[in-house]
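One structure is given below, encoded as structure tokens.
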Amino acid sequence: MQWTNDISEAVRIQNEIAEAVRLTPLISEPETVAGMDVAFTDTEAVCAVVVMRYKDLEIIEEGILKDSLLFPYIPGYLSFREGPLMKKALECLNTKPDILLIDGQGIAHPRGAGIATHIGVLTGLPSVGCAKSKLVGEYEEPCPERGCWSKLLYEGRTVGAAVRTRTEVKPVFVSPGHLVTLDDAIRVVLHCSTKYRLPEPIRRADHLSRRFKNLL
DNA sequence: GCGACAG
DNA sequence: ATCTTGTCGC
């Protein structure tokens, strides 16, 4: 019972996920990293996962999965809309990624269970949330150079960071998902963000899901 | 009531 | 998220 279409049940599940989260340091530098994203049409959703070699970001494997929509987009409950697809897409891979980079929040969530955390706990894989905008928390504008970042605070706790992946470009919101620390999360996101605002794995997954969707 | 609000 | 042309700037 990891998924549901009932809000009160969803809250219960998120609280369980939040209790299971472990923000322990990454053992060693990952060998592979997988980026995930979902694109939509009126009635269907397409999830893409792109696995890359961590060292040089060369693509190792790509996966795509289409399904119908069962849950609407409600702020705070994104995982119940996109999570089921991501879970299935991961199960189709031949490669087992060392870490997941997901388009959304990790613990920077009302109940500490954003989609990156949800998927991380369910799969038992290290995961990092990297969103284009924030869901909760307050932060100060980080300095303009790439690599600069500032804490994202929520209810007196540091739940993530506003990270500048490109000089003079709007920051992305990074938060640990599962089995990583905030520093790990920031380091991984910066490592994967070379010439664009978003980390390469997520960018490629975004392109792939979008291309596929436009063929439906 | 008003503002905020991942994708 | 998605619908969309041109346009400013490196």
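Residue numbers begin at 1 in each chain, while the letters A, B, ... track the order of the sequences. Below, all heavy atoms of this structure are taken into account, side chains as well, without hydrogens, waters or symmetry copies.
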Query - Other residues, nucleotides, ligands: >12 heavy atoms within 6.0 Å of A/Asp42 CG - result: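 It does not: A/Asp42 CG has 12 such atoms or fewer within range.
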Query raised in the report: Would you find more than 12 non-hydrogen atoms of other residues, nucleotides or ligands less than 6.0 Å from A/Lys213 atom NZ?
Result: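 Count over threshold, so yes.
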Requested in this report: Please say which of A/Leu152, A/Val189, A/Leu101, A/Val188 ends up in a side chain to side chain contact (heavy atoms under 4.5 Å, CB included) with A/Val174.
Outcome: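 Of A/Leu152, A/Val189, A/Leu101, A/Val188, side chain to side chain contact (heavy atoms under 4.5 Å, CB included) with A/Val174 is met by A/Val189 alone.
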**Report entry** side chain to side chain contact (heavy atoms under 4.5 Å, CB included) partner of A/Gln105, the single match among A/Leu135, A/Leu78, A/Ile115
**Finding:**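 Answer to the side chain to side chain contact (heavy atoms under 4.5 Å, CB included) test with A/Gln105 among A/Leu135, A/Leu78, A/Ile115: A/Leu135.
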Query raised in the report: Just checking, is any N or O donor in the side chain of A/Asp6 or A/Thr4 under 3.5 Å from an acceptor N or O on the other one?
Result: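 No.
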Requested in this report: Determine whether the side chains of A/Glu140 and A/Ser150 contain a donor N or O and an acceptor N or O closer than 3.5 Å.
Outcome: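 Short answer, no.
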Query raised in the report: For nucleotides 1-7 of chain B, read 5' to 3', which letter fits each nucleotide if B means a protein heavy atom sits under 4.0 Å from the base, S means only the sugar-phosphate is that close, and - means neither?
Result: ----SBB
Query - Per-nucleotide protein contact string for nucleotides 4-10 of chain C, where B marks a base within reach and S marks sugar-phosphate only (heavy atoms under 4.0 Å, - for neither) - result: -------
Query raised in the report: Dot-bracket for DNA chain B, 5' to 3', counting Watson-Crick or G-U wobble pairs under 3.5 Å, with [ ] for crossing pairs and | for inter-strand pairs?
Result: .......
Requested in this report: Using whole Å, report how far CZ of A/Arg211 lies from C1' of C/dA1.
Outcome: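 Going from CZ in A/Arg211 over to C1' in C/dA1 covers 19 Å.
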Report task. Report the distance from atom CZ of A/Phe71 to atom P of C/dA1, rounded to the nearest whole Å. Result ->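 Interatomic distance, CZ of A/Phe71 to P of C/dA1: 19 Å.
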Report task. Using a 4.0 Å heavy-atom cut-off across all strands, classify A/Ala108 as base, sugar-phosphate, or nothing. Result ->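 A/Ala108: no heavy atom of the nucleic acid under 4.0 Å.
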**Report entry** Approximate separation, where rounding is to 0.5 Å, of A/Thr32 OG1 and A/Ile99 CD1
**Finding:**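 Spacing of OG1 (A/Thr32) from CD1 (A/Ile99) equals 9.5 Å.
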Query raised in the report: Using 30° and 60° as the class limits, which term best fits the ring planes of A/Tyr139 and A/Phe173: parallel, tilted or perpendicular?
Result: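 If you compare the ring of A/Tyr139 with that of A/Phe173, the planes turn out perpendicular.
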Requested in this report: Quick one: which residue pairs count as a side-chain hydrogen bond (donor to acceptor under 3.5 Å, both in side chains) with a foot in residues 118-132 of chain A, not counting sequence neighbours?
Outcome: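 Sorted pair list: A/Ser79-A/His118, A/Asp103-A/Lys132.
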Flag the pair [X] and [Y] as a salt bridge only when some basic side-chain nitrogen lies within less than 4.0 angstrom of an acidic carboxylate oxygen.
X	Y	answer
A/Glu91	A/Lys88	no
A/Arg210	A/Asp206	yes
A/Lys66	A/Glu44	yes
A/Glu141	A/Arg164	yes

Query raised in the report: Do any of residues 157-196 of chain A sit with a heavy atom less than 4.0 Å from DNA chain B, and if so which?
Result: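 The answer is none.
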**Report entry** Test: A/Arg203 cationic atom under 6.0 Å from A/Tyr196 six-membered ring centre, within 45° of axis
**Finding:**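 Pair A/Arg203/A/Tyr196 counts as cation-pi.
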Report task. Please map the stems of DNA chain C, keeping only stretches of three or more Watson-Crick or G-U wobble pairs with both distances under 3.5 angstrom. Result ->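 DNA chain C forms no stems at all.
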Requested in this report: Please check if A/Val136 and A/Ile102 belong to a single hydrophobic cluster, counting links between Ile, Leu, Val, Met, Phe, Trp and Tyr side chain heavy atoms closer than 4.5 Å.
Outcome: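 Shared cluster, yes.
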